[in-house]
Amino acid sequence: MTSFADQIDALAGRSKSLEGKLQTEEATKTALVMPFLQALGYDIFDPTAVIPEFTADHGIKKGEKVDYAIMIDGQLTMLIECKTYGADLSSAGASQLYRYFSVTDARIGILTNGVEYWFYSDLDKNNTMDKEPFFRFDMGDYIQSSTKELERFRKEVFSIEVVLNSATDLKYRGMIEAQIQKEIEAPSDEFIEIMARRVYEGRRLTAQVREWFGQLVQQAMKATIRAEVNKRLSNALKAGNGEYSEVDEAAEEPKDEDGIDTTEEELEAFQIVRAILRTEVDVSRIYIRDQKSYCGILLDDNNRKPICRLHFNSKSKKHLGVFKDKEETRIEISSLEDIFQHADRLMETVRAYN
């Protein structure tokens, strides 16, 4: 029996393959939203379980409809409003969903464009849908923990009490993560000052000192994240006998033959690539193969499945070679951290091979 995670992975691949081909809400519902509900265990062909074009009059507004209503054991549980594939959900709005939420017994509202699924409830004020979703699932960018959260909405395990108990934590954790991401990308003056006051021994935080610490804080955060990624990846690569290994035999440093010497920087970049792709494939399938002019990273140690190339031989510039339809495009990078900026390209390449 296919696991839930595998079903979601397959649906994510289907979603990617239909990019640009679904021009209407109806097409989006048929091709993506209905299969999504099926993956969650709801019978889309049973009108007592999944009610399309659900109507619930609100005030003076009569005959308005929400795309789907989900019934569990005869109880209205979820309302779903659909938008066209790829529509910007933040600007598309959920006005109908918001109105219906207050006049029905549903405690969960879902806004979707077939790729992103935003889950709402009434955590802030009873019987009034929150303005912000407590959980977002993106078919184009998700991790294993997100799939586990999504699994709470499967029919066979669904419990409104369990979902709502975790919803508050999910909501605020997501907001905190967004703030942390902002600080990583551009540390705020407040955060810089907090860090500076903890470590700076000077008497005054002058404008010059603040500017200096702004650069240091950003560099330190990125270095810390990179170190943590490497640590987690190294733990994942421990040998089966329990002995620690920086890289397993699939990642062994090539021998210095024919003048080829794989550098520590290339090996570190290799580990970054593996960390990026660990949600897509088993990392044991990702190999490094050094050449005189570049260092190649391959899927299944197959030259016909290049993931990327590391052009690090030049003393002045480094380039990352990425692939689409097996055509290489070189991108200049200033540091190894820049590889993370091209994670989507790398994942797309691996998905194409799979």
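Computed over heavy atoms, backbone and side chain alike; hydrogens, waters and symmetry mates excluded. Start at 1 with the first residue, then count along the sequence.
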Kindly work out whether a path of hydrophobic side-chain contacts (I/L/V/M/F/W/Y, heavy atoms less than 4.5 Å apart) joins Met34 to Leu18.
-> yes
List for me each residue that meets side chain to side chain contact (heavy atoms under 4.5 Å, CB included) alongside Lys148, sequence neighbours excluded, and say none if there are none.
-> Gln144
Heavy-atom check, side chain of Phe134 versus side chain of Ile108, under 4.5 Å | yes
Closest non-hydrogen atoms of Phe158 and Val163, given as atom of the first, atom of the second and distance, are CE1-CG2, 3.8 Å
May I ask you to say whether Arg345 pairs ionically with Glu348, meaning some side-chain N is under 4.0 Å from a carboxylate O?
-> no
When you look at Ile72 and Tyr42, which way does the side chain to side chain contact (heavy atoms under 4.5 Å, CB included) test go after all the steps?
-> CA-CA 9 Å; Ile72 298 180; Tyr42 299 101; 3.6 Å; yes
Sidechain-backbone polar pair: Thr206 side chain, Val209 backbone, donor-acceptor under 3.5 Å = yes
Any side-chain heavy atom of Asp130 within less than 4.5 Å of one from Lys171?
-> yes
Verify, without hydrogens or angle tests, whether Glu280 (side chain) and Leu277 (backbone) share a donor-acceptor contact under 3.5 angstrom.
-> no
Roughly how far apart are Lys318 NZ and Ser334 OG, rounded to 0.5 Å?
-> 9.0 Å
Below 4.5 Å, heavy atoms only, C-beta onward: do Asn113 and Thr84 meet side chain to side chain?
-> no
Any chance CG of Asp105 has more than 12 other-residue heavy atoms, nucleotides or ligands included, within less than 6.0 Å?
-> no
From Lys131 atom NZ to Lys125 atom NZ, the distance as rounded to the nearest 0.5 Å | 10.5 Å
Is it the case that more than 12 heavy atoms not belonging to Asp282 sit under 6.0 Å from its CG atom?
-> yes
Heavy atoms only: give me the nearest Glu266-Asp290 pair and the separation to one decimal.
-> OE1-OD2, 3.3 Å
Exam field: side chain Lys83 to backbone Leu111, donor-acceptor pair closer than 3.5 Å = no
Joint hydrophobic cluster, Ile272 plus Ile184, side-chain heavy atoms closer than 4.5 Å | yes
Euclidean distance, Ser145 OG relative to Leu150 CG, rounded to 0.5 Å | 11.5 Å
Write down the atom of Leu79, the atom of Ala69, and the distance for their closest heavy-atom approach.
-> CD2-CB, 4.0 Å
Determine, step by step, whether Thr224 and Met221 satisfy the side chain to side chain contact (heavy atoms under 4.5 Å, CB included) criterion, reporting the C-alpha distance in whole Å, the side-chain angles of both residues, the deciding distance to 0.1 Å, and the verdict.
-> CA-CA 5 Å; Thr224 301; Met221 286 197 295; 5.6 Å; no
Is any side-chain heavy atom of Val322 closer than 4.5 Å to a side-chain heavy atom of Thr349?
-> no
Which heavy atom of Ile339 sits nearest a heavy atom of Ile333, and at what distance?
-> CG1-CD1, 4.2 Å
Flag the pair Leu40 / Arg154 as yes when at least one side-chain heavy-atom distance between them is below 4.5 Å, and no otherwise.
-> yes
Do the side chains of Thr128 and Asp122 get nearer than 4.5 Å, heavy atoms only?
-> no
Pairwise side-chain contact, Leu320 with Cys308, heavy-atom cut-off 4.5 Å (strictly under) | yes
What pairs with Lys305 under side chain to side chain contact (heavy atoms under 4.5 Å, CB included), at least two apart in sequence or on another chain?
-> Leu299, Asp300, Asn302, Tyr353
Report the C-alpha separation of Ile307 and Leu298 in whole Å, then their side-chain angles, then the decisive distance to 0.1 Å, and conclude whether the side chain to side chain contact (heavy atoms under 4.5 Å, CB included) test is met.
-> CA-CA 5 Å; Ile307 297 172; Leu298 311 172; 5.8 Å; no
Among Glu328, Glu332, His319, side-chain hydrogen bond (donor to acceptor under 3.5 Å, both in side chains) partner for His311 = Glu328
Note: Ile8 and Ala39 closest approach over all heavy atoms is CD1-CB, 4.4 Å
Any donor-acceptor pair under 3.5 Å from Asn313 side chain to Ser293 backbone = yes
Look at the side chain of Gln208 and the backbone N and O of Leu205, then say whether any donor-acceptor pair between them is shorter than 3.5 Å.
-> no
Counting distance only, does the side-chain N/O of Ser102 pair as donor-acceptor with the main-chain N or O of Asn127 below 3.5 Å?
-> no
In short, ring pair (Phe, Tyr, Trp, His ring centres under 6.0 Å) pairs touching residues 112-132 with sequence neighbours left out are Phe36-Tyr117, Phe119-Phe135, Phe119-Phe153
Is it true that Arg136 and Glu116 make a salt bridge, defined as a side-chain N closer than 4.0 Å to a carboxylate O?
-> no
Does the pair Lys29/Glu53 count as a salt bridge with the N-to-O cut at 4.0 Å?
-> yes
Do Asp138 and Val115 come close enough that some side-chain heavy atom pair is under 4.5 Å?
-> yes
Nearest heavy-atom contact between Leu267 and Ile288 is CD2-CD1, 4.1 Å
For side-chain hydrogen bond (donor to acceptor under 3.5 Å, both in side chains), just list the numbers for Thr263 and Glu265, CA-CA rounded to whole Å, side-chain angles, deciding distance to a tenth of an Å, and then say yes or no.
-> CA-CA 5 Å; Thr263 66; Glu265 199 169 39; 5.2 Å; no
For the hydrophobic clusters of this structure (ILVMFWY residues joined by side-chain heavy atoms under 4.5 Å, transitively), does one cluster hold both Phe270 and Phe312?
-> yes
Quick one: do Glu19 and Lys16 satisfy salt bridge (Lys or Arg N to Asp or Glu O under 4.0 Å)? Show the steps, please.
-> CA-CA 5 Å; Glu19 185 174 1; Lys16 181 66 176 176; 3.3 Å; yes
Donor-acceptor under 3.5 Å (Gln218 side chain, Glu185 main chain) | yes
Between the CZ atom in Arg107 and the CD1 atom in Ile160, the distance rounded to the nearest 0.5 Å is 6.0 Å
Hydrophobic cluster membership, Met129 vs Phe137, 4.5 Å side-chain cutoff = no
More than 12 heavy atoms of other residues, nucleotides or ligands under 6.0 Å from CD of Gln75: is that the case?
-> no
Value rounded to 0.5 Å, distance of CZ in Phe101 from CE in Met78 = 11.5 Å
Take Tyr68 and Val33 through the side chain to side chain contact (heavy atoms under 4.5 Å, CB included) test and state the conclusion after the steps.
-> CA-CA 10 Å; Tyr68 297 105; Val33 179; 4.0 Å; yes
Check: Glu183 side chain, Ser188 main-chain N or O, donor-acceptor pair, under 3.5 Å | yes
Is a side-chain donor or acceptor of Arg289 paired with a backbone partner of Asn303 at a separation under 3.5 angstrom?
-> no
Starting at CE of Met347, measure out to CG of Asp141 and round the result to the nearest 0.5 Å.
-> 5.5 Å
Same hydrophobic cluster for Ile143 and Leu170, using side-chain heavy-atom links shorter than 4.5 Å among ILVMFWY?
-> no
With no hydrogens and no angle check, is any side-chain donor or acceptor of Thr48 less than 3.5 Å from a backbone partner on Asp46?
-> no
